[in-house]
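In what follows, chains are A, B, ... by sequence order, proteins preceding strands, each numbered from 1.
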Number of protein chains: 2
Amino acid sequence: MKNILEELRIKNGFTQQELAEKLEVSRQTIISLEQGRYNPSIILAFKTARLFGLTIEEIFIYEEG
Amino acid sequence: MKNILEELRIKNGFTQQELAEKLEVSRQTIISLEQGRYNPSIILAFKTARLFGLTIEEIFIYEEG
DNA sequence: TACAAATGTCAAGCTAGCTTTACTTTTATT
DNA sequence: AATAAAAGTAAAGCTAGCTTGACATTTGTA
């Protein structure tokens, strides 16, 4: 899974800390997601989509398997 | 999170076992999801959406929190 | 009504997603 | 160049999502 989290965060002028707070997760989680270290839970994906006014599919890109 | 998995499964004439195989998970996982015992991983949500030709948002309904 | 297929329950174990804490490196501004 | 803010790294611990296996119940149909 790829994602455009960092791009969206910067486009919206947020720091990692600010984004973490808005999504109610730790800054570590933001870092890990931006770096593709692991995938978000579906709850976090929903919260992220809602925050940026996009669909999950627009933010998190599933690579076929 | 609510979901319409069971409805989709029956509408498409699948048993839990068949759906499990198509989604490459165990039958237990299908049961647990249908019963709302836990949420799917985002990967499983993507696979499910792809299988039924719907979006994640159409199958899994996030209840605000 | 017997039998098989489908569904459900229980429990123990593994790993991915997330947390916290503490420290280092990079980037920007003065 | 000094400082502070932002971003990155590392590691240990917790829990949700998933697995396997064994057994019980429900449903459908011969």
Under 3.5 Å between N/O atoms: give me all the protein pairs with nucleotides 8-12 of chain D, atom names plus distance.
{"unit_1": "D/dG8", "atom_1": "OP2", "unit_2": "A/Q16", "atom_2": "NE2", "d": "2.5"}
{"unit_1": "D/dG8", "atom_1": "N7", "unit_2": "A/R27", "atom_2": "NH1", "d": "3.2"}
{"unit_1": "D/dG8", "atom_1": "O6", "unit_2": "A/R27", "atom_2": "NH2", "d": "2.8"}
{"unit_1": "D/dT9", "atom_1": "OP2", "unit_2": "A/Q35", "atom_2": "OE1", "d": "2.6"}
{"unit_1": "D/dT9", "atom_1": "O4", "unit_2": "A/Q28", "atom_2": "NE2", "d": "2.4"}
{"unit_1": "D/dA10", "atom_1": "N6", "unit_2": "A/Q28", "atom_2": "NE2", "d": "3.2"}

- request: Give a yes/no on whether any side-chain N or O of B/T29 is located under 4.0 angstrom from OP1 or OP2 of D/dT19.
  value: yes

Here the distance between atom P of D/dG21 and atom CD of B/Q17, to the nearest Å, is 13 Å

Taken to the nearest 0.5 Å, the spacing of B/E58 CD from B/I56 CD1 works out to 11.0 Å

B/F60 six-ring centre to B/K2 NZ/CZ under 6.0 Å and within 45° of normal: no

Separation of D/dG17 atom C1' from B/N3 atom CG, nearest Å, is 14 Å

Atom CG of B/L5 and atom P of D/dC18 are separated, to the nearest Å, by 11 Å

Heavy-atom nearest nucleotide on DNA chain C taken for B/E18 and for B/I42; more 5' hit belongs to B/E18

Hey, does B/L54 have a side-chain heavy atom less than 4.5 Å from the side chain of B/T48? no

* Residue-phosphate contact under 4.0 Å: A/N39 side-chain N/O, C/dG17 OP1/OP2 -> yes

Establish, with yes or no, whether the OP1 or OP2 oxygen of C/dA5 is under 4.0 angstrom from a side-chain nitrogen or oxygen of B/T15.
-> no

In whole angstroms, the gap separating P of C/dG8 from CD1 of B/I30 amounts to 12 Å

What are the atom names and distances for every N/O pair under 3.5 Å that joins the protein to nucleotides 24-30 of chain C?
none

Whole-Å distance, B/I10 CD1 to D/dT27 C1', equals 12 Å

From CG of B/L33 across to C1' of D/dT19 the rounded distance in Å is 13 Å

B/Y38 OH to D/dC14 C1', in whole Å, measures 18 Å

With a 3.5 Å cut-off and no angle check, do the side chains of B/T29 and B/S26 form a donor-acceptor pair? yes

Is there a side-chain contact between B/E64 and A/R50 in this structure, where contact means two heavy atoms from C-beta onward sitting under 4.5 Å apart? yes

Rounded to the nearest 0.5 Å, the CG atom of B/N3 sits from the CD atom of B/Q35 at a distance of 11.0 Å

message = Within the 4.5 Å heavy-atom criterion, are B/L19 and B/F52 side-chain neighbours or not?
response = yes

For B/S41, answer base if it contacts any base atom (sugar-phosphate contacts may also be present), sugar-phosphate if it contacts only those atoms, and nothing otherwise; contact means non-hydrogen atoms under 4.0 Å. sugar-phosphate

B/L44 CG to C/dT15 P, in whole Å, measures 19 Å

**OP:** List the steps and the verdict of side-chain contact (heavy atoms from CB on, under 4.5 Å) for A/E57 and B/F46.
**Re:** CA-CA 9 Å; A/E57 289 85 349; B/F46 266 109; 3.9 Å; yes

Item to complete: Kindly indicate whether the side chain of A/R9, heavy atoms from C-beta on, has any atom under 4.5 Å from the side chain of A/E34.
Response: yes

